[in-house]
Amino acid sequence: MQRRTRLQRELALLAAEPPPGISCWHSGPRADRLRAQILGGADTPYEKGIFNLEIIVPERYPFEPPKIRFLTPIYHPNIDSAGRICLDVLKLPPKGAWRPSLSISTLLSSIQLLMAEPNPDDPLMADISSEYKYNKQLFLLRAREWTERHAGQ
């Protein structure tokens, strides 16, 4: 019951006051399945891209973080080919920084920030991380190509 009430409140707030470039909604009849869209930020290789994400809200939410993954392929050191995201707020302590006070809106904003500012020191994709660190021009070129190919409007 707590999960459903909290989700309804969070989604209502997200609909009324969405963070710039972020939207989120129920996906089908199940209350624990959400979809989200994040627009690639200006002055990033993801600019003009529309990235779709899947959110699965666990039974113990908000005491357990939702599982979020990209459905749209993205060339990024912290996001793997299955769409999984390496971000501390998506994991429980002690390895993660999830707290029940965080919301889905906060998580999506954190993912949007990660897109703009990758963390090459905690990569899921070692080869892309190495490219980001040592050949940033090539990384930017490939990330733009992937955005045009997979996230273009």
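The structure displayed is predicted, hence computed values, not measured ones.
Under a 3.5 Å cut-off, the side chain of Ser130 and the backbone N or O of Asp127 do not form any donor-acceptor pair. Without hydrogens or angle criteria, Ser27 side chain to Leu34 main chain gives no donor-acceptor distance under 3.5 Å. Distance alone, capped at 3.5 Å, is enough to place a donor-acceptor pair between the Asn78 side chain and the Asn119 backbone. Side-chain atoms of Arg69 never come within 3.5 Å of backbone atoms of Ile55 as a donor-acceptor pair (strictly under, hydrogens ignored). Looking only at distances, a side-chain donor or acceptor of Thr147 sits under 3.5 Å from a matching main-chain atom of Ala143. Here the side chain of Thr72 pairs no donor or acceptor atom with the backbone of Ala151 at under 3.5 angstrom. With Ser110 contributing its side chain and Thr106 its backbone, the two residues share a donor-acceptor pair below 3.5 Å. With His76 contributing its side chain and Ile85 its backbone, the two residues share no donor-acceptor pair below 3.5 Å. At least one donor-acceptor pair closer than 3.5 Å links the side chain of Gln112 to the backbone N or O of Pro20.
In this structure, Ile56 is not a member of the same hydrophobic cluster as Phe70, with clusters built from ILVMFWY side-chain heavy atoms closer than 4.5 Å.
Using cut-offs of 30° and 60° for the angle between ring planes, the Tyr75 and Trp146 rings count as tilted.
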Report task. Step by step, work out the salt bridge (Lys or Arg N to Asp or Glu O under 4.0 Å) result for Asp121 and Lys133. Result -> CA-CA 9 Å; Asp121 297 324; Lys133 282 180 171 178; 3.2 Å; yes

Report task. Give the C-alpha distance, both sets of side-chain angles, the deciding distance and a yes or no for salt bridge (Lys or Arg N to Asp or Glu O under 4.0 Å) between Glu10 and Arg6. Result -> CA-CA 6 Å; Glu10 283 190 36; Arg6 165 115 178 221; 2.6 Å; yes

Report task. Start with the C-alpha gap between Leu141 and Gln137, add the side-chain angles, then the distance that decides, and say whether side chain to side chain contact (heavy atoms under 4.5 Å, CB included) holds. Result -> CA-CA 6 Å; Leu141 178 71; Gln137 288 309 111; over 6 Å; no

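Atom NZ of Lys67 is surrounded by 12 or fewer heavy atoms from other residues, nucleotides or ligands within 6.0 Å. No more than 12 heavy atoms of other residues, nucleotides or ligands lie within 6.0 Å of NZ in Lys48, so this atom counts as exposed by the packing criterion. Counted within 6.0 Å of CZ on Arg84, heavy atoms from surrounding residues, nucleotides or ligands total 12 or fewer; the atom is thus considered open.
Taken from CG in Leu7 to OH in Tyr61, the straight-line distance is 6.0 Å, to the nearest 0.5 Å.
Screening Glu59, Glu64, Arg60 against Arg3 for a side chain to side chain contact (heavy atoms under 4.5 Å, CB included) leaves a single residue, Glu59.
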